[in-house]
Amino acid sequence: MTIDTIYQHYIESKSITLDSHTVKSYISAYEKHILPSFGYREIDTINYIDYQNFSNNLLVSGKKPKTVRNILRVISGIYKYAIKNIWYTGEIFPDLVDLPKYDNKFYVTISPDMQKKYLSALKNAKEPIFKDIFLFLLHGRRLGEVLNLKWEYLDLNQGIVYYPATHNKSRKHLSYELTTDLVNVLKEYQLKAINLQGTVFVTGYVFINPNTNNKFTDIRGAWKRLLIDNNLSYTKLHSVRHILGTYLINELSLSIEHVSYVLGHSDTKITQRYVNIKPQVAKNSIDVLFNDLKSKGEKAVEKINETYQLGECIQTVLF
């Protein structure tokens with residue numbers, strides 16, 4: 001069987017079990033990179049060296065190791081699907097490819113003060129509808145989760161939002177308690193939906209674009225306006241998640257486990273990437289080491305010097 005034949009079956013099954021954004025990324029990787037190189041080749045005729053050369057060429061063309069790894073994961077998925085169907089019994093060669101090591105840590109380069117300004121701008125947004133979407137993002141939800149939010153995922157009496165495994169990136173059933181502010185906002189939308197649909201059992205998307213009467217597909221314009229209004233430098237809207245995770249862990253000292261749940265990560269190792277060890281930590285650590293290695297005599301001399309300096313300070317204040 002050819003790679004393309006297997007892929008067609010594979011992507012059809014994934015379209016049911018994965019969210020639409022992930023499926024689109026799979027399709028894009030396949031059509032741009034995999035199909036031209038391997039699509040019409042039979043899976044039994046492709047060897048490890050073919051995938052290694054394929055990966056090397058992508059790296060030479062300027063693709064980052066992480067991007068190449070993501071493309072290989074799509075091919076690996078095709079292989080695993082073929083194995084499940086007993087269409088292939090060999091090695092999963094894409095998993096054996098050697099790639100340069102890369103740093104997958106998230107680095108938020110702006111200062112904590114600026115991080116707070118971005119988060120405050122979202123919290124205090126004024127533009128109708130978008131201000132409520134931004135408020136939802138501050139709850140740690142991904143943009144896709146917010147724009148695709150349907151009434152059946154909400155229990156406003158309990159103040160909880162549910163996300164089935166097929167509609168979130170972590171592939172787990174998730175539920176989150178909402179803040180009172182957000183519940184009150186959603187109740188206003190619910191009342192409008194009841195009046196519009198003529199029933200208390202409302203359905204469909206929560207956030208409706210008044211220009212299309214359907215869900216929003218792109219709110220980058222509103223995001224840019226928010227940045228301009230608050231004199232903030234441009235950054236991608238998705239960066240809000242990175243800023244939020246970084247600020248919660250490094251500035252508010254919340255536990256990695258708690259922040260991992262807030263952001264809906266499937267593993268705390270993902271959240272660990274937000275931890276920033278500040279530069280002075282290394283110096284402080286060595287200072288502790290050197291202090292421990294000092295002799296009793298050195299520590300005694302330092303104690304005398306500290307006492308002498310304190311006496312000088314007191315004398316200066318008094319006279």
Side-chain angles (χ1 to χ4, degrees), residues 2-15 17-84 87-88 90-109 142-145 165-166 168-172 235-239 241-242 245-246 256 260 263-276:
T2 66
I3 291 291
D4 190 60
T5 300
I6 300 169
Y7 164 78
Q8 297 303 330
H9 291 284
Y10 168 73
I11 201 64
E12 182 179 356
S13 70
K14 288 300 179 184
S15 297
T17 59
L18 298 180
D19 66 84
S20 59
H21 178 76
T22 303
V23 172
K24 285 180 181 178
S25 68
Y26 281 21
I27 294 174
S28 176
Y30 180 78
E31 293 181 348
K32 287 182 180 179
H33 305 291
I34 303 168
L35 177 61
S37 298
F38 302 112
Y40 301 107
R41 290 185 61 176
E42 293 183 5
I43 192 170
D44 289 318
T45 67
I46 311 172
N47 297 309
Y48 158 77
I49 191 61
D50 296 311
Y51 289 114
Q52 185 64 64
N53 289 336
F54 168 73
S55 302
N56 291 346
N57 289 336
L58 287 175
L59 292 169
V60 170
S61 71
K63 293 289 184 293
K64 295 181 180 179
K66 183 178 179 180
T67 301
V68 178
R69 174 58 65 196
N70 289 338
I71 295 171
L72 290 172
R73 282 175 179 164
V74 176
I75 308 177
S76 295
I78 296 171
Y79 269 73
K80 291 172 185 176
Y81 188 81
I83 290 172
K84 286 181 181 179
W87 297 335
Y88 176 74
E91 290 278 358
I92 303 178
F93 291 120
D95 288 349
L96 304 179
V97 168
D98 293 319
L99 291 174
K101 292 184 178 180
Y102 58 90
D103 185 0
N104 66 348
K105 189 177 181 66
F106 291 117
Y107 291 99
V108 176
T109 56
R142 296 177 176 86
L143 180 60
E145 293 173 352
T166 54
N168 69 78
K169 197 173 180 179
S170 67
R171 304 289 163 261
K172 296 179 180 179
T235 185
K236 292 182 179 179
L237 183 53
H238 183 69
S239 298
R241 281 179 61 78
H242 302 332
T246 299
I256 290 177
S260 180
L263 298 177
H265 288 160
S266 58
D267 194 313
T268 54
K269 290 181 180 178
I270 300 174
T271 320
Q272 184 73 39
R273 293 181 292 178
Y274 289 113
V275 177
N276 292 334

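These values consider heavy atoms only, across backbone and side chains, with no hydrogens, waters or symmetry-generated copies.
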CG (D4) and NE2 (H9) are apart, to the nearest 0.5 Å, by 10.0 Å

Tell me, yes or no, whether the heavy-atom count around Q8 atom CD, taken from other residues, nucleotides or ligands under 6.0 Å, exceeds 12.
yes

Drop me the distance from K14's NZ to Y7's OH, to the nearest 0.5 angstrom.
12.5 Å

Could you measure the distance from the OG1 atom of T5 to the OH atom of Y10? Nearest 0.5 Å is fine.
16.0 Å

Closest heavy-atom pair and its distance - Q52, D98
OE1-N, 2.9 Å

Take atom OH of Y48 as the centre, draw a 6.0 Å sphere, and report whether it contains more than 12 heavy atoms from other residues, nucleotides or ligands.
yes

How long is the straight-line distance from OG of S76 back to CD1 of I92, given to the nearest 0.5 Å?
6.5 Å

Given the options F93, Y81, Y79, Y88 meets ring-ring contact (aromatic ring centres under 6.0 Å, His included) only with Y79

Output all residues satisfying side chain to side chain contact (heavy atoms under 4.5 Å, CB included) with V68, sequence neighbours left out; order by chain, then residue number.
S55, L58, L59, K63, L72, L99

In terms of ring plane angle, is the pair H238 and H242 parallel, tilted or perpendicular, where the classes change at 30° and 60°?
perpendicular

Provide the closest heavy-atom pair for P94 versus R69 in the form atom of the first, atom of the second, distance.
O-NH1, 4.1 Å

Not counting sequence neighbours, which residues clear ring-ring contact (aromatic ring centres under 6.0 Å, His included) with F38? List them please.
Y51, F54

Do the side chains of I75 and H33 get nearer than 4.5 Å, heavy atoms only?
no

Any sub-3.5 Å donor-acceptor pair from S37's side-chain atoms to I34's backbone N or O?
no

Measuring from I78:CD1 to I3:CD1, what's the distance to the nearest 0.5 Å?
6.0 Å

Using a 3.5 Å distance criterion without hydrogens, assess whether the side chain of S25 forms a donor-acceptor pair with backbone atoms of T22.
yes

Determine the minimum heavy-atom distance between T2 and G39, stating which atoms define it.
CB-O, 3.7 Å

In Å, rounded to the nearest 0.5 Å, how long is the span from OG of S13 to CD1 of I11?
7.5 Å

